[in-house]
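Computed from heavy atoms alone, side chains included, the values below leave out hydrogens, waters and symmetry copies. Whatever order the structure lists ligands and atoms in, that order sets their numbers, starting from 1.
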Amino acid sequence: MNRRLFGIMPDGIPVEEYSLRCGKLTCDIITYGGVLRSLAVPDRNGRPVDVLLGFDHLEDYIHQDKYIGALIGRYANRIGKGRFFLRGKDYKLAKNDGENHLHGGEAGFDRRVWTAEAVGENTLLLRLTSPDGEEGYPGTMEATVFYRLLQDGLLIEYEARCDCDTLCNLTNHAYFNLSGHDSGTLEHQRIQIFADYFTPTDEWNIPTGEMKDVTGTPMDLREWNPIGRYDHNWILRGGTADFRLAAKSVSSDTGITMETWTTQPGIQFYTGDYLDGCPAGKGGAVYRKRAGFCLETQLWPDSPNHDNFPDPVLRAGQVYRHKTAYLFR
Ligand code: BGC
């Protein structure tokens, strides 16, 4: 595994980049935000295509606010009104998305420099300690993420522990473009999501609490559909612990097909509608609205405020464990 200095944080902390290779796949990961900076996959002619949006310079990661490629914590997605009750206590979090809390707050896990350790050639282990009260969340949390590059894709394993009961919902915010990160928008790409229900939301993307059948709605992606405009959570089939196929996506330009597998109960499919205004991407690529899509495997949004949603509480002494794989066929 190669390692290099990627940049220096304004406070002097160095940020490193690790380059993983396995068979025909290569992947670059930086310690700032645990960002997946590139993932090159062969197209139908064997030519490598970088399918992830990313930047060449640390400054661009610091300046953008789209969570590009980053690990998200402590709670991915939204918490309505930035407020939750836990063990009889009322917690208030930053309102960094209108009146609501998004992706862990002003400086979530995406803004932290993680500690990295190479485990053999193909696996990078990242660790982070989040102090008690960080961004308003209770308890000291130890988070660990394994990025394992496989012959046919990338496996991400998440673990977390906390010294008291707290909330935990970790994901990755990679933006994929299966025609290549610099190919423009998503026109020639299609998606399937294996979900029979979704969680309808209000105009601020906060779930109403309902679980709605996708049949007869634009949320029915059980068959192949062109990638249009989406920013919703789907309720995945099967139990939380099952590692199962959640989504498939394909580019007719490159022939690259990606499968998303996960143990998580939900998936936020977001088609990059707020990408405008990004700094120039790798090699000067321009990332406009809908230049990439995210398949964020996670709990359902605002679970702390809905008793009928999956339990978002990580109990003291328990280990939070989830995994997600992006596999290429
Ligand atoms: C959310 C979007 C949000 C975006 C921020 C996504 O996970 O679903 O609503 O705008 O993150 O980049």
Counterpart residues, side chain to side chain contact (heavy atoms under 4.5 Å, CB included), relative to Phe293 (two or more places apart): Phe176, Leu178, Leu186, Gln189, Ile227, Ser249, Met258, Phe269, Thr271, Leu295
In chain-and-number order, ligand 1 lies under 4.0 Å from a heavy atom of each of Lys66, Tyr67, Arg78, His103, His173, Tyr175, Asn205, Asp231, Gln268, Tyr270, Tyr274, Glu296
Do Phe194 and Arg222 make a side-chain contact, defined as non-hydrogen atoms from C-beta onward lying under 4.5 Å apart? no
If you look only at distance, which donor and acceptor atoms sit under 3.5 Å apart when one is on a side chain in residues 281-288 and the other is two or more places apart or in another chain?
unit_1, atom_1, unit_2, atom_2, d
Lys282, NZ, Arg37, O, 2.6
Lys282, NZ, Asp50, OD1, 3.4
Lys282, NZ, Asp50, OD2, 2.6
Lys282, NZ, Leu52, O, 2.7
Tyr287, OH, Gly54, N, 3.2
Tyr287, OH, Gly54, O, 3.1
Tyr287, OH, His181, ND1, 2.6

With sequence neighbours excluded, what pairs up with Phe109 under the ring-ring contact (aromatic ring centres under 6.0 Å, His included) test? Trp114
Kindly say whether the aromatic ring centers of Tyr158 and His322 come within a distance under 6.0 Å. no
Please identify which of these residues, Asn205, Asp231, Asn233, meets the side-chain hydrogen bond (donor to acceptor under 3.5 Å, both in side chains) condition with Gln268. Asp231
